[in-house]
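Beneath this line is the structure, given in structure tokens, with notes to follow.
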Amino acid sequence: MNPTLADKIARAPKAELHIHIEGSLEPELIFQLAQRNGVKLAYESIDALRAAYAFTDLQSFLDIYYAGASVLLHEQDFYDMTTAYVERALADHVTHAEIFFDPQTHTERGVPMETVVAGIERALADGEKRGMTSKLILCFLRHLSEEDALATFDSALPLFDQYRHRLIGVGLDSSEQGHPPSKFERVFAKARDKGLKLVAHAGEEGPPAYVYEALDLLKVDRVDHGVRSIEDPALVARLADARIALTVCPLSNLKLCVFDDMTRHTLKDLLDRGVAVMVNSDDPAYFGGYVNANYFAIVDALKLSEDEVYTLLKNSLEASFVTPAERDAMVANLDAYWHAAA
Ligand code: ADE
Ligand code: ZN
């Protein structure tokens, strides 16, 4: 890529809307926390752990991702993990992040949900002072039952009130195939009744039918990944018309073998058809890069133009769950930067 464009992308103000905070745990921090907390890992060294990051599909990644999260026990651990992400994001000029967390991964190990949210919140509040605003989205693990998701939702109710400035929505993640959105219709209805924002991973490994279910049954505001929507032209037209954004994660898709080569990624086709796509990092510690690395990889592989990059950046801001006034201010900030930059 031309170095001027790379530099312009690197320093552009941007929002990140698809980042699992547990997926930002770098191997070094996993080992540090394991030692601090006396947790035994199945890997002898940082290098051995990193060597295991050779994924063949989503499940092969999730198995290691949940093992990595097992070192998180105390409020300070969640604070340290989140602070490390905030630092990486600020370095990439992320001015606003909407961050997923997986409470069930922690509560099933006996870590109270209050501990998880308190640590993340303290780091995000510090991040605000350093220039990055943020929201938090509670994700249900779809490989578990809907009863488990309902119980998780009920125990999170006080947190939705206490952290109303931050904890603004629910999402759906983990093993997609065989766990369609329809399995979670009731818990999403409860979240909708409470006025929460709704998102779901769909069309990452799963078929376009799962994206339809996310829209029609869960009534999501955004779809996470959604890259397989391209297989259904009527679905693509609907996403474009309804301005339902897809939070695309290029390096994740490559590492999890959703595409065998970045040049085959469908982001540009979706963009050409008017779908509001943008670029995100998903699980940056596992997939080889934070948000700017994702921009560089996709812009390079698909030979995106400067105007297309601007659209991606603008989509990231416009698809965020902030007030219209905040959104307008973020877009004005991007415009001022983009037109002043070389
Ligand atoms: N949890 C963390 N990353 C995920 C992904 N890419 N898909 C589904 N669940 C996830
Ligand atoms: Zn994800």
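Each ligand, and each atom within it, is numbered from 1 in the order the structure gives.
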Taking the six-membered ring for Trp and the single ring otherwise, decide whether the centroids of [X] and [Y] are under 6.0 Å apart.
{"X": "F184", "Y": "F140", "answer": "no"}
{"X": "F101", "Y": "H20", "answer": "no"}
{"X": "F287", "Y": "Y53", "answer": "no"}

OH-OG distance between Y65 and S70, expressed to the nearest 0.5 angstrom: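 The OG atom of S70 is 12.5 Å from OH of Y65, to the nearest 0.5 Å.
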
In [X], what N, O or S atom is nearest to the Zn ion (ligand 2), if we give its atom name?
{"X": "H201", "result": "NE2"}
{"X": "D282", "result": "OD1"}
{"X": "H18", "result": "NE2"}

Identify the protein heavy atom lying closest to [atom], giving its residue, its atom name and the separation to 0.1 Å.
{"atom": "atom 6 (N) of ligand 1", "value": "D282 OD2, 2.7 Å"}
{"atom": "atom 1 (N) of ligand 1", "value": "H20 CE1, 3.5 Å"}
{"atom": "atom 3 (N) of ligand 1", "value": "D283 OD2, 2.6 Å"}

Sub-4.0 Å atoms of ligand 1 with respect to non-hydrogen atoms of E204: 5 (C), 6 (N), 7 (N), 8 (C)

Ligand-residue contact atoms, ligand 1 with H225, heavy atoms, under 4.0 Å: 6 (N)

Candidates H179, R142, H18 - the one meeting side-chain hydrogen bond (donor to acceptor under 3.5 Å, both in side chains) with H201: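 Only match with H201 under side-chain hydrogen bond (donor to acceptor under 3.5 Å, both in side chains): H18.
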
Tell me whether [X] reaches ligand 1 (any heavy atom closer than 4.0 angstrom to a ligand atom).
{"X": "S174", "result": "yes"}
{"X": "E176", "result": "no"}
{"X": "F61", "result": "yes"}

Sidechain-backbone polar pair: E318 side chain, R327 backbone, donor-acceptor under 3.5 Å: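 Side chain of E318 to backbone of R327: no pair is present.
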
Whether E176 side chain and G203 backbone form a donor-acceptor pair below 3.5 Å: yes

Residue part near ligand 1, for E22, under 4.0 Å between non-hydrogen atoms: neither

L62, portion touching ligand 1 at heavy-atom distance under 4.0 Å: side chain

Cation over ring face, R222 and F321, 6.0 Å, 45°: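 Pair R222/F321 counts as cation-pi.
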
Geometric cation-pi criterion R264 and F259, 6.0 Å radius, 45° cone: no

E204 N/O/S atom closer than 2.8 Å to the Zn ion (ligand 2): no

